[in-house]
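Notes for the one structure printed next.
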Amino acid sequence: MNIKNHYDVIIIGSGPAGYSAAIYTGRANLRTLVLEGIERGGQLMITTDVENFPGFPDSIAGPELMEKFREQAARFGADLITSLADEVLLKDGAPFKVRQGEDWFSSESVIIATGATARFLGIPSEAAFKGKGVSACATCDGFFYRGKEVIVVGGGDSAMEEASFLTKFANKVTIVHRRDEFRASRIMLDRAKKNSKIEILTFKAIDEIFGNELSGVVNSVRLKDTRTGETMTMPVDGIFIAVGHDPNTKLFEGQLELNAEKYIITKPNRTATSIRGVFAAGDVQDDYYRQAITAAGSGAQAGIEVTRFLDHKE
């Protein structure tokens, strides 16, 4: 194995968690490598306006915010490679080894910030309006639908929570579910049913989304009956997909301790994982908040923990 370079810390993944971690480790004079992934910046790269990140009262575009994060990480000396980590060797402890293409890198510590990917429906029109009328985060985008009508797709607790939250802004929220049985807990389902702003349509699935792709305005959807195949068109201003998230942890299976949903398990109130010297930050270990600000915060925590870990190790 030919090791190309040795670092104090390798950060796998970018986005708010990865870049924040790099800012902290860079400022601590730790030699830092960030493997950003193919699409650097994470899910904010498909978010048009971010209005709930402190310091930007007039909002900021997601890609612009991530570019500022990236520039700040580079300013403090982080080496940034816009590529995936293809293989990691963690179980034997430090020095840890990470492969990118044909190149191997080693380090005294690792921060994992690979995030989680929202599940979507997979229809072409959904992709065309993603971030422009189609969202996977009501907390992030609900404000934009004040006084409008929206659809929430899903049948679990997340769908019920998203729908209830959206009633703070939207005039009407329609929950669309392909069955008449729900994975949601009874209390969450009853809460949604009792909300006068929420309507629940069962045995329905979104078949097509219509709108103006140039302006990013959704105006209607075609719903398909999952039993009969019959379709109906329904006017709507926005669509929220709430069918779950998948943490990007396949690379670490069999090496790190994961929970039943494949999220990395970290120690209570820490970012340390089951392997000494390996830390995890952001949505890859957080299945509850899933916000840019909380990801950035946990990235900062990981950066601080790595710094103290290496100081103690020395």
Side-chain angles (χ1 to χ4, degrees), residues 43-52 59 61-62 117-184 188-245 290:
Q43 294 191 71
L44 282 185
M45 298 303 288
I46 59 170
T47 303
T48 51
D49 291 308
V50 179
E51 293 195 321
N52 56 358
S59 81
T117 303
R119 297 176 195 150
F120 284 90
L121 306 178
I123 58 177
S125 55
E126 174 191 57
F129 288 104
K130 193 179 292 184
K132 297 180 290 185
V134 174
S135 172
C137 180
T139 307
C140 310
D141 300 325
F143 178 82
F144 300 112
Y145 295 92
R146 187 178 296 276
K148 298 186 177 182
E149 297 187 3
V150 299
I151 279 179
V152 173
V153 181
D157 278 351
S158 293
M160 304 304 144
E161 289 177 2
E162 299 270 275
S164 296
F165 178 82
L166 286 166
T167 59
K168 297 178 180 181
F169 309 101
N171 284 345
K172 181 181 179 182
V173 179
T174 303
I175 297 174
V176 174
H177 187 43
R178 59 187 307 110
R179 295 182 293 274
D180 65 346
E181 295 180 357
F182 295 85
R183 290 179 291 105
M188 293 299 298
L189 182 59
D190 287 345
R191 188 176 299 166
K193 287 180 176 179
K194 291 176 182 178
N195 193 314
S196 61
K197 284 189 172 184
I198 295 177
E199 179 184 3
I200 300 177
L201 298 180
T202 56
F203 296 112
K204 296 288 187 296
I206 293 181
D207 186 53
E208 191 64 83
I209 300 169
F210 303 103
N212 186 323
E213 292 184 22
L214 293 178
S215 63
V217 175
V218 168
N219 55 41
S220 62
V221 296
R222 185 170 66 221
L223 299 178
K224 184 177 182 178
D225 191 294
T226 57
R227 299 163 300 178
T228 66
E230 294 180 358
T231 61
M232 58 176 283
T233 300
M234 176 179 172
V236 68
D237 300 298
I239 299 135
F240 290 84
I241 312 298
V243 293
H245 288 72
R290 293 197 295 263

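The model shown is predicted, which means the values in this text are computed figures rather than measured ones.
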Point-to-point distance, once rounded to the nearest 0.5 Å, from OG of S164 to CD1 of I175: 7.0 Å

Would you say that more than 12 heavy atoms from the other residues, nucleotides or ligands in this model lie under 6.0 Å from the NZ of K197, or not? yes

With a sphere of 6.0 Å drawn around CZ of R178, does it hold more than 12 non-hydrogen atoms of other residues, nucleotides or ligands? no

In this structure, are over 12 heavy atoms from other groups packed under 6.0 Å from F169 atom CZ? yes

Is there a side-chain contact between M232 and K204, using heavy atoms and a 4.5 Å cut-off? yes

CD/E199 to CD1/I151 distance, rounded to the nearest 0.5 angstrom? 9.5 Å

Is the shortest heavy-atom distance from the side chain of I200 to the side chain of K193 under 4.5 Å? yes

Does F129 have any side-chain contact (heavy atoms from CB on, under 4.5 Å) partners at least two apart in sequence or in another chain, and if so, which? V134, I209, E213, V218

Taking the side chain as every heavy atom from C-beta outward, state whether F182 and M188 have any pair of such atoms under 4.5 Å apart. no

Which atom names give the shortest non-hydrogen contact between V153 and A159, and what distance separates them? O-CB, 4.5 Å

For F120 and A136, work out which heavy atoms get closest and say how close. CZ-CB, 3.8 Å

With a 4.5 Å heavy-atom cut-off, do V150 and F240 have their side chains touching? yes

Yes or no on side chain to side chain contact (heavy atoms under 4.5 Å, CB included) for M234 and T174, after CA distance, side-chain angles and deciding distance? CA-CA 10 Å; M234 176 179 172; T174 303; 3.3 Å; yes

Between D141 and S135, the two heavy atoms sitting closest are OD2-OG, 2.6 Å

For V243 and G154, work out which heavy atoms get closest and say how close. CG1-CA, 4.1 Å

Working to the nearest 0.5 angstrom, can you tell me the gap between D237 CG and S220 OG? 10.0 Å

Measuring from D207:CG to D225:CG, what's the distance to the nearest 0.5 Å? 11.5 Å

Looking at every heavy atom in both R119 and I241, which two are closest together, and how far apart are they? O-CG2, 3.5 Å

I206 and E126, any side-chain heavy atoms less than 4.5 Å apart: no

Which value, rounded to the nearest 0.5 Å, describes the distance between F203 atom CZ and T228 atom OG1? 10.5 Å

Flag the pair R191 / M160 as yes when at least one side-chain heavy-atom distance between them is below 4.5 Å, and no otherwise. no

Spacing of L223 atom CG and E230 atom CD [to the nearest 0.5 Å]: 12.5 Å

Would you name the heavy atoms of T139 and F165 that are closest together and state the gap between them? CA-CE2, 3.7 Å

